[in-house]
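To start, the structure under review is shown below, and the notes come after it.
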Amino acid sequence: MKAYGIETLAGAIMPGGTVSTASTPLSNNSLAFSRAAAELGQNAFLGSRVLALTRSNATVDMVVLTPTGAQRIRAKKLLVTVPPTMDNVGQWDLTYSEAALFSQFTYSAAYTGIITDPGLNITTNLLNYGTATPFQLPPAFGPQGFEAIPFKDYITMQTGLAVPLPEAVVKQQALTALQRTRHLSPAVGVNASSPGSGPTFKAFKSHTPYALSVSTDAIRRRFYDDLYALQGQKSTFWAGAAWHTHISSSLWRWEEQYVLPPLLAAL
């Protein structure tokens, strides 16, 4: 329920229910981010990393390494949306509480990609289900599914793993699973007139670290109460999936309700 929202779950399991998704008029959800970058203009330092960070209850002072060199930034407040793992933020000026909380996070690996294969004719989405597991969950981490998109000969793939693996290994797992569906699913046809040379990747992206979580013992010790209490300390506000969910619409609503109001009030 936390991951998908009550509306999506109800549509998926209730008799006669439907699952709805949101997109832009051009079927390009990345427009939201490219237009945000355009709005920020030269104040958006893409492809940059933090070299030094000093925070107080009044100001934030940081140095970032951009593709064109180092840049110093001074601000009243800081909004952090990266996954708060120690690999990402461990070199910052963390407080004892921040370090104690962030060091408890574990995560899985997630990968997405676009595959093309003129020899296949996929007319519906393919999901990996277990045939003899509770709730038909996949028996192990691996390719989670392939999705038909409105572009001829192209499909998307999603893979989840317990730990990160090399890109070549993840790609081969996905291609092997896709080839296997030729014999297992009637939704996968073969274009005799265009046999192709087999599936190949046109794009690939790692979303690791993904799905940050902590132990049940940590939750019993009120980990998330302590995590949410960090908001506003040392002029810093936190957002992102680790604080709520990986579903963009739900996450944005949560941030609009619980992060932006105190951040704007503090300026």
Side-chain angles (χ1 to χ4, degrees), residues 3-4 8-9 11-13 18-34 46-47 83 107-212 241 245-249 251:
Y4 296 101
T8 299
L9 289 177
I13 65 177
T18 59
V19 177
S20 61
T21 58
S23 183
T24 64
L26 299 178
S27 298
N28 181 2
N29 288 351
S30 66
L31 282 176
F33 302 95
S34 59
L46 303 179
Y107 56 84
S108 59
Y111 306 88
T112 57
I114 298 176
I115 299 174
T116 182
D117 185 356
L120 289 182
N121 179 28
I122 296 182
T123 58
T124 189
N125 298 341
L126 305 174
L127 298 179
N128 184 10
Y129 285 99
T131 58
T133 59
F135 307 106
Q136 284 70 59
L137 294 173
F141 286 96
Q144 296 176 338
F146 302 92
E147 182 177 354
I149 57 177
F151 297 97
K152 180 177 171 56
D153 302 330
Y154 287 90
I155 58 175
T156 63
M157 80 89 193
Q158 304 85 37
T159 289
L161 298 171
V163 295
L165 289 178
E167 177 178 326
V169 175
V170 177
K171 285 183 174 180
Q172 188 56 54
Q173 287 182 349
L175 296 180
T176 299
L178 183 59
Q179 290 281 37
R180 192 164 57 245
T181 62
R182 289 176 182 261
H183 310 289
L184 298 179
S185 174
V188 180
V190 177
N191 294 328
S193 62
S194 180
S197 58
T200 57
F201 272 89
K202 301 299 290 185
F204 181 86
K205 180 67 175 179
S206 172
H207 295 268
T208 308
Y210 187 80
L212 272 62
T245 178
H246 276 281
I247 303 301
S248 296
S249 57
L251 179 58

- Any donor and acceptor pair, going by atom type alone, linking the side chain of S108 with main-chain N or O of Y210 inside 3.5 Å? yes
- Distance-minimising heavy-atom pair for L251 and A241: CD2-N, 3.9 Å
- Query: Rounded to the nearest 0.5 Å, what separation is found between the CD atom of E147 and the CD1 atom of I114?
  - Reply: 11.0 Å
- Is it possible for you to check whether K171 lies under 6.0 Å from the centre of the six-membered ring of F204, through NZ or CZ, and within 45° of that ring's axis? yes
- Query: Just wondering, do Y111 and Q144 contact through their side chains at under 4.5 Å, heavy atoms?
  - Reply: no
- Item | Nearest heavy-atom neighbours spanning T200 and L175 | N-CD2, 4.4 Å
- Message: Between T176 (side chain only) and Q173 (backbone N and O only), is there a donor and an acceptor less than 3.5 Å apart?
- Response: no
- Between OG1 of T112 and CE of M157, what distance do you get to the nearest 0.5 Å? 6.5 Å
- Distance in Å, K205 NZ paired with E167 CD, rounded so as to fall on 0.5 Å steps: 10.5 Å
- Query: Which atom pair, heavy atoms only, marks the closest approach of A174 to F146?
  - Reply: O-CZ, 3.4 Å
- If you measure from NE2 on H207 to OG1 on T159, what distance do you get to the nearest 0.5 Å? 11.0 Å
- Message: Give me the atom names and distance for the closest heavy-atom approach of P199 to I115.
- Response: CB-CG2, 3.7 Å
